[in-house]
Structure formats: structure tokens, C-alpha cells
Amino acid sequence: MRLKNKVALVTGGASGIGREAAILFAQEGAKVVIVDVNTREGNRIVKAIKAKNQVAGFCRVDVSVEQDCKRMMAYAKRKFGGLHILFNNAGIMHGGDGDTQSTDEAVWDLTMNINVKGVFFGCKYGIPLMRASGGGSIINTASFVAHLGAATPQIAYTASKGAVLAMSRELAVIHARENIRVNALSPGPLRTELLMKFLNTEEKKHRRLVHIPMGRFGEAKEMAKAALFLASDESSYMTGTEFLVDGGITAAYITPE
Ligand code: NAD
């Protein structure tokens with residue numbers, strides 16, 4: 001088991017990447033705190049994990065709310081005694097996110113509050129607990145859009161993921177001597193609810209697919225495996241960097257027909 005005796009907290013753990021990571025981390029021996037705004041799904045996943053005699057708990061949290069983030073760390077400490085793995089993964093892609101002309105300030109603010117401030121709060125309240133637990137690994141979900149621009153824009157989302165990537169590097173440098181590693185996980189386009197809601201017609205899906213050399217969307221399970229590597233001691237000399245898991249999209253100039 002790759003995460004034996006570890007405590008892991010996964011934000012956005014009720015769906016997509018977070019759900020698959022929570023399930024995989026528990027299977028690998030971690031005690032997992034699932035954090036999400038979706039109480040029903042969060043509790044359902046906890047129940048499924050416990051049914052396999054593995055360990056998990058749910059804490060309802062909006063990661064953009066400071067008090068909530070304080071509370072999720074208090075929960076991890078009270079319930080499982082500490083924190084070794086923090087997967088800051090919760091994020092949104094808003095339907096009203098477009099170019100500068102079409103995107104409202106409220107959409108910009110909401111996206112930044114969840115996607116960027118949520119990571120900041122996770123680290124603000126998670127790092128002291130991780131330090132007290134002897135160190136660990138922080139994984140922040142960024143995206144391939146931190147590297148590539150698109151003519152069908154999501155200006156707030158793209159800016160938020162660039163911020164997550166930059167913040168991850170700086171966090172890594174600050175905390176390197178404390179046995180706390182920080183890396184970004186940058187997925188390519190995935191077949192999860194978040195993107196499929198946005199690419200809601202076959203034409204829109206096709207427009208994205210033509211840019212992916214592998215010719216398919218990625219799966220949340222594939223991201224969970226990458227997160228497991230970053231979470232485990234197998235990546236012990238890795239900090240301040242990025243794990244791009246993107247079907248080759250950022251390597252492509254022209255893709256095969
Ligand atoms: P998803 O929509 O399936 O899951 C996201 C989860 O986050 C949901 O359970 C949702 O309830 C939760 N959430 C949303 N706002 C929250 C908040 N304020 N507080 C707590 N929880 C909240 O999405 P996913 O595809 O699994 O995305 C996970 C992460 O991966 C996000 O950060 C996303 O930006 C990133 N990402 C996704 C893709 C993709 O193509 N799907 C690509 C690159 C990066």
C-alpha cells in the first residue's frame with residue numbers, strides 16, 4: 001500500500017478527479033477526508049469507501065470561504081489526527097466565462113474565489129497541520145490551459161489556472177526545508193462533468209478533440225493515478241514542478257487526421 005498511515009484531504013472530492021482520487025487514496029491505505037459543497041454525493045462516496053473496510057469521512061466545505069477551510073483542517077485533525085496529503089482540487093468552469101467582453105465581473109470573481117483563493121486557503125490552514133504531522137505532499141490542480149490559449153476562451157478559468165501553477169512553484173520554494181513538497185497536476189481535457197457541461201454539443205466536443213494527439217478525452221481515473229504518484233513517497237525528490245497529464249495536447253503543433 002502506497003499511502004499507509006497517511007491522512008489525505010481531497011477538495012472537490014464528490015465528483016470527477018477528486019472522487020477517483022479519494023477512492024484510490026483510500027484503497028492505498030490513506031484515511032481520506034472528502035471535502036465538497038455536494039453533501040449528498042460526498043456522503044455517498046464515503047459510504048462506498050467504508051463498505052470496502054477502508055477509511056473516509058465527509059466535511060461539507062465551500063473552499064472559497066475562509067472559515068470553512070479552517071473547519072476542514074480541524075475536522076482532519078479531530079477525526080484522523082493530522083494531515084500528510086492535501087489535494088487542492090476543487091474548481092469550477094463557469095458557463096458565463098468567455099472573452100473579456102462577454103464575461104461579467106461576478107463570473108470572474110467567483111472563478112478566482114474558488115479556483116485560486118480556495119487553493120490559498122487550503123494551504124493557509126493545511127500547512128500548519130501538515131508541519132505538525134511531520135510534512136507531506138500538496139497537490140494543486142491546475143490545467144493545460146495554463147500553457148495554451150484558445151480561440152474559444154474561458155478568460156477567468158485560464159487566468160485562474162495560471163495562478164495556481166505559479167502559486168504552486170512559490171509554495172514549494174517556501175516550504176522545501178520543512179519536508180513539505182508542492183506540485184501542480186495539470187490535466188488535459190477530461191471526460192468529466194465539468195468539461196462535458198461546457199462542451200455541450202458534438203460540434204464543440206469535436207473542436208476540442210482535434211487538438212489532442214491521442215484523439216480522446218482523458219479519464220478522471222487517469223488523473224487520480226497521477227495524483228497518487230505525487231501524493232506518495234515515490235515522488236520524494238519532486239517539488240515545485242508540474243505533472244502535465246494531457247494526452248499530448250501541449251506537445252502538439254499539428255495532430256494526426
Ligand atoms: P467536477 O465538476 O467533476 O468536480 C469538481 C468538484 O468540485 C465537484 O464535486 C464540485 O461540487 C466541487 N466544487 C465546486 N465548487 C466548490 C467549492 N466552492 N467548494 C468545494 N467544492 C467545490 O470537475 P473535475 O473535472 O473533476 O475537475 C477537478 C479539477 O480539475 C478542477 O480544478 C478543474 O478545473 C481541473 N481540471 C479539469 C479538467 C477537465 O477537463 N475536466 C481539465 C483540467 C483541469
Side-chain angles (χ1 to χ4, degrees), residues 9-24 33-46 58-69 71-72 75 86-95 97 107 109-122 139-148 150 152 154 156-165 167-168 184-200 204-205 208-209 211-212 214 216-224 226-227 230 242-247 249-250:
L9 185 147
V10 181
T11 74
S15 176
I17 300 174
R19 173 179 55 209
E20 297 306 328
I23 292 168
L24 187 59
V33 179
I34 293 178
V35 164
D36 208 288
V37 284
N38 188 339
T39 303
R40 199 170 52 91
E41 272 306 294
N43 279 323
R44 199 185 60 76
I45 297 157
V46 166
F58 176 72
C59 188
R60 199 244 172 234
V61 161
D62 178 341
V63 295
S64 67
V65 176
E66 185 163 17
Q67 283 307 320
D68 278 19
C69 291
R71 194 165 44 75
M72 73 186 180
Y75 178 94
L86 170 58
F87 190 9
N88 287 310
N89 165 76
I92 59 157
M93 186 184 274
H94 198 285
D97 195 2
V107 170
D109 286 346
L110 183 66
T111 303
M112 289 296 165
N113 285 344
I114 296 173
N115 293 11
V116 184
K117 201 157 72 172
V119 174
F120 166 67
F121 283 153
I139 305 145
N140 298 325
T141 306
S143 169
F144 74 100
V145 302
H147 299 273
L148 297 175
T152 40
Q154 305 147 277
Y157 183 81
T158 299
S160 77
K161 293 305 182 180
V164 170
L165 187 56
M167 182 166 37
S168 301
L185 172 64
S186 289
L190 305 181
R191 206 170 53 86
T192 65
E193 207 177 310
L194 177 131
L195 186 64
M196 294 304 109
K197 261 201 308 210
F198 192 79
L199 305 178
N200 55 5
K204 285 185 192 165
K205 286 192 182 71
R208 188 62 62 92
L209 274 176
H211 297 289
I212 308 172
M214 289 180 83
R216 66 170 177 88
F217 291 109
E219 300 293 334
K221 279 193 165 75
E222 294 175 304
M223 300 308 120
L230 293 174
E242 183 190 26
F243 201 166
L244 257 171
V245 187
D246 69 354
I249 193 168
T250 53

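Order of appearance sets the numbers: ligands from 1, and atoms from 1 within every ligand. These numbers come from a predicted model, not from an experiment.
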* Structure fact -> Heavy-atom proximity to atom 2 (O) of ligand 1 ranks first, among Asn89, Leu194, Asn113, Asn140, for Leu194
* Kindly identify the option in Ser143, Cys59, Ala14 whose heavy atom sits closest to atom 43 (C) of ligand 1. => Ser143
* To do: Specify the protein heavy atom at minimum distance from atom 24 (P) of ligand 1: its residue, its atom name, and the distance to 0.1 Å.
  => Thr192 OG1, 3.7 Å
* **Minimum-distance pair of heavy atoms, taken over all atoms of Gly188 and Phe144** => CA-CD2, 3.5 Å
* Asked: How does Ile114 reach ligand 1, if at all, at less than 4.0 Å between non-hydrogen atoms: by side chain, backbone, both, or neither?
  -> side chain
* Could you see which bit of Phe217 sits under 4.0 Å from ligand 1, with heavy atoms only: side chain, backbone, both or neither? => neither
* Asked: Backbone, side chain, both or neither: what part of Lys161 comes under 4.0 angstrom of ligand 1, heavy atoms only?
  -> side chain
* Is the number of heavy atoms from other residues, nucleotides or ligands under 6.0 Å of Arg208 CZ greater than 12? -> yes
* Structure fact -> Quick note on ligand 1: atoms under 4.0 Å from a heavy atom of Gly12 include exactly 6 (C), 7 (O), 12 (C)
* Asked: Is it the side chain (CB and beyond), the backbone, both or neither of Ser15 that lies under 4.0 Å from ligand 1, heavy atoms counted?
  -> both
* **Closest approach of any protein heavy atom to atom 42 (C) of ligand 1, naming residue and atom** => Gly188 O, 3.3 Å
* Structure fact -> Residue, atom and distance of the protein heavy atom nearest atom 35 (C) of ligand 1 read Thr141 CG2, 3.5 Å
* Which atoms from ligand 1 have a heavy atom of Ile92 less than 4.0 Å away? -> 14 (C), 15 (N)
* Structure fact -> shortest atom 19 (N) of ligand 1-to-protein heavy-atom contact is with Val63 N, 3.0 Å
* atom 10 (C) of ligand 1: nearest protein contact (heavy atom, Å) -> Asp36 OD1, 3.4 Å
